[in-house]
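To find a chain, count down the sequence lines: A is the first, B the second, and so on, and within it residues start at 1. The structure presented is a predicted model; accordingly, all values stated were derived computationally and were not measured.
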Protein chains: 2
Amino acid sequence: MDNQDKIKTALKVCHLYYEDGLSQGEIASKLAISRPTISRLLQFARDQGLLRIEIMDPLKDLDVLAQQLEAKYQLKKVILIFDATNDLDAINPKIGAAAADYLETIVKDNDSIGISWGETLENVANHLHPSNANNVSVVQLKGSVSGSEMNNFANDIINKFSNAFHTDAVNLPLPVIFENATTKQVVMQDHFIKAIIQAGIDANIALFTSGTVRDDAMLFNLGYLTDPEIKQLQAQAVGDVVSRFITATGELADSDIDERTVGIPLAALRDKEYSILVSGSSWKVASIRAALLGGYANVLITDSQTAAALLD
Amino acid sequence: MDNQDKIKTALKVCHLYYEDGLSQGEIASKLAISRPTISRLLQFARDQGLLRIEIMDPLKDLDVLAQQLEAKYQLKKVILIFDATNDLDAINPKIGAAAADYLETIVKDNDSIGISWGETLENVANHLHPSNANNVSVVQLKGSVSGSEMNNFANDIINKFSNAFHTDAVNLPLPVIFENATTKQVVMQDHFIKAIIQAGIDANIALFTSGTVRDDAMLFNLGYLTDPEIKQLQAQAVGDVVSRFITATGELADSDIDERTVGIPLAALRDKEYSILVSGSSWKVASIRAALLGGYANVLITDSQTAAALLD
DNA sequence: AGTCTATTTGAAAATATGTTCATGTTTGCC
DNA sequence: GGCAAACATGAACATATTTTCAAATAGACT
């Protein structure tokens, strides 16, 4: 066997071994070569530099990425978790845990925490630990949902925050989007409701996520929006923040729908001591970027791949 | 151990295992962790995508590289050998073997092969097999050397070619560079010498290498050139072809020295059926490029890294 | 062609790695 | 704080890989 043939065989063995995950024995019988020879071919490949094993250092990389993001979007703090899968089910628990950890480090006595709800916030709630801070209040930043399942979902988050901060969280007992602006206006006259919204505006910490405008976006599947409205939003908006849809540059996308939406106004997020955007996965890059450009967050918690995408 | 710590430890283990080549057992005692845990950490690192194993396909790459070189320098044929070491002692035998193989495929009855000498040619000679072609002649393209060692060196190459092609190679029994042009002119009057040079010019196959202008270049260490001459050549030339020094663009670098040099003129290489440049390693990139730009070769035999450099 | 040496090969032994399982530890939950 | 479930750990075992070594093969030289 001449050198070229040897390289060729060694490469085939490398592919079977490192990519297809066959054992050397399996490769041996498949190629009708003895086991030791397979071992030697792999050694040969390594010696010849035929395969390159690169060890990444995501932790070091994360630091750099975080700093670059802080600079680019003028953020107070960026927290990144490492993820190579880009799988929501893997990312969400991790950024949830990171957000819960971060929250624990910043919450002090008498703080007021405004929260939204959704899958991401659920993951944050799941990782909360009992807080040492006293007299902390928790308030919902946006309306809830009428469907019973979903309502339980939002309530579950509220309850977990309540427990963690030893308080009774203030629930905003309204649908997140009304059918028309007038209805909302009327409801908003209610002093009790007004007070809740004001509490959300006054909260010094806000914790929220950003949503997409994909067909499977949660806000599109609650029945509050008609198909034409959804189509129009998909054309104009890149996602939502506290259920308010924004364009790629962070502007409000549709004031009509916005006026039917129950919750704190977007602008209120700009003035908070901590306005924490917790959102990850490649699907959400556009909405995160928009939220950051709009200045709605001063803290970002996301995953490494999304972070890299946000720098482009 | 939380996730970040786990990643950190896993990375350390990866470095020790894949880069430093320690066994899992060694790592275990070094870090005071049990062996199975090391195994699990490595598995974890692979699962998390913390290390990337890339299998190169130098053979496929070589094809592409070769084609690009053929196009860029308008060559009849480019033959590349794979080498990741960039070590002359590794490269030379391989390109020598490749050159010998190629020569065997092209030599036909009544061909005339002109050869130079040097380390590279020695390697070609070492890999020659007895040829099937009849009536092949072999002639030296340039003068030899007077020092006995070196003379043997050149003779050895001649002899191996003679044996492989079942002929008595025509030796050019002169120093490759004379002390002054006049001496050379006088010697060149000799009909016998003239005939040998003419045979070199008429050879339809030429096999030669390119040299550098580094201090350790063979032509600088034979005593034919003074130190000032060497300095000047190093300033103007990038290397030599059949002992004639050329600039980066393939022009003659110094006509005075050229007129003292014994061998076929550079231009003679341009008209050959096969003008085969056998030369590799990063040190020789400049001289190879110059030789190709000068049009002195229509076949190039080199290594992969040099090939890549020639494309820049 | 024949002999010598260097290289390659696979069986078997030695080593290294992966997995199982019982145990100890942490974590979530009331 | 205590209980249960999930998880991490290392000893022992099972498997996979590498090395050794003797035999076979190919190559070099006469």
Side-chain angles (χ1 to χ4, degrees), chain A residues 1-7 9-10 13-14 16-18 20-47 51 53 93-94 96-97 100-101 104 122-131 156-157 159-164 166, chain B residues 1-10 13-14 16-18 20-48 51 53 93-94 96-97 100-101 104 122-130 156 159-164 166:
Chain A
M1 195 195 300
D2 85 343
N3 199 265
Q4 297 269 310
D5 281 347
K6 187 170 180 182
I7 291 179
T9 312
V13 172
C14 283
L16 291 169
Y17 190 73
Y18 287 105
D20 302 347
L22 302 192
S23 75
Q24 296 186 10
E26 291 171 310
I27 298 169
S29 43
K30 186 175 189 119
L31 302 185
I33 308 175
S34 80
R35 255 188 311 271
T37 301
I38 300 295
S39 175
R40 288 179 186 117
L41 284 170
L42 287 168
Q43 190 58 50
F44 170 80
R46 285 187 283 264
D47 292 346
L51 46 91
I53 298 179
K94 286 195 239 172
D101 283 352
E104 282 170 35
E122 165 99 79
N123 273 292
V124 179
N126 282 339
H127 291 92
L128 287 174
H129 298 291
S131 168
D156 183 46
I157 297 169
N159 288 337
K160 283 174 174 160
F161 272 84
S162 294
N163 289 336
H166 321 298
Chain B
M1 194 193 305
D2 86 342
N3 199 264
Q4 297 267 310
D5 280 348
K6 187 170 179 181
I7 291 179
K8 210 175 280 187
T9 313
V13 172
C14 282
L16 291 169
Y17 189 74
Y18 287 107
D20 301 347
L22 302 193
S23 74
Q24 296 186 8
E26 289 171 311
I27 298 169
S29 44
K30 187 174 190 122
L31 303 185
I33 308 175
S34 79
R35 249 184 349 84
T37 302
I38 300 295
S39 176
R40 287 179 186 116
L41 283 171
L42 287 168
Q43 189 58 50
F44 169 80
R46 286 186 283 261
D47 292 346
Q48 295 287 308
L51 48 90
I53 298 179
K94 287 196 238 174
D101 284 352
E104 281 171 34
E122 165 98 77
N123 273 292
V124 179
N126 282 340
H127 291 93
L128 287 173
H129 297 290
D156 182 46
N159 288 337
K160 283 173 175 162
F161 271 84
S162 293
N163 289 336
H166 322 295

So, A:His166 side chain and A:Ser131 main chain: donor-acceptor pair closer than 3.5 Å or not? yes

Is atom CZ of A:Arg35 surrounded by more than 12 heavy atoms (other residues, nucleotides or ligands) closer than 6.0 Å? no

With respect to the phosphate group of C:dG10, does any side-chain polar atom (N or O) of A:Thr37 fall under 4.0 Å of OP1 or OP2? yes

Length of the line joining A:Leu41:CG and C:dT8:C1', which is rounded to integer Å: 11 Å

Euclidean distance, atom CZ of residue B:Phe44 to atom P of D:dC7 [Å, nearest integer]: 14 Å

Heavy-atom closest contact (B:Lys160 atom, B:Leu128 atom, distance): O-CD1, 4.2 Å

Just jot down the side chain to side chain donor-acceptor pair (under 3.5 Å) partners of A:Thr37, sequence neighbours excluded, or say none. A:Ser34

A:Leu128 CG to C:dT27 P, straight-line distance once rounded to whole Å: 16 Å

Check against side chain to side chain contact (heavy atoms under 4.5 Å, CB included), B:Ile33 and B:Thr9: CA-CA 10 Å; B:Ile33 308 175; B:Thr9 313; 4.1 Å; yes

Spell out protein contact along nucleotides 12-30 of chain D as letters: B when the base is contacted, S when just the sugar-phosphate is, - when no protein heavy atom is under 4.0 Å; keep the 5' to 3' order. B----SBBB----------

Step through the shown structure and confirm whether more than 12 heavy atoms of other residues, nucleotides or ligands are within 6.0 Å of NZ on B:Lys8. no

What bend angle does the helix from C:dA1-D:dT30 to C:dC30-D:dG1 show across its length, from five-pair end axes and to the nearest 10 degrees? 50°

Please answer whether the main-chain N or O of B:Ile7 pairs with a side-chain N or O of B:Gln48 as donor and acceptor at a distance below 3.5 Å. no

If you take all heavy atoms of A:Lys30 and A:Leu22, which pair is closest and at what distance? CD-CD1, 4.2 Å

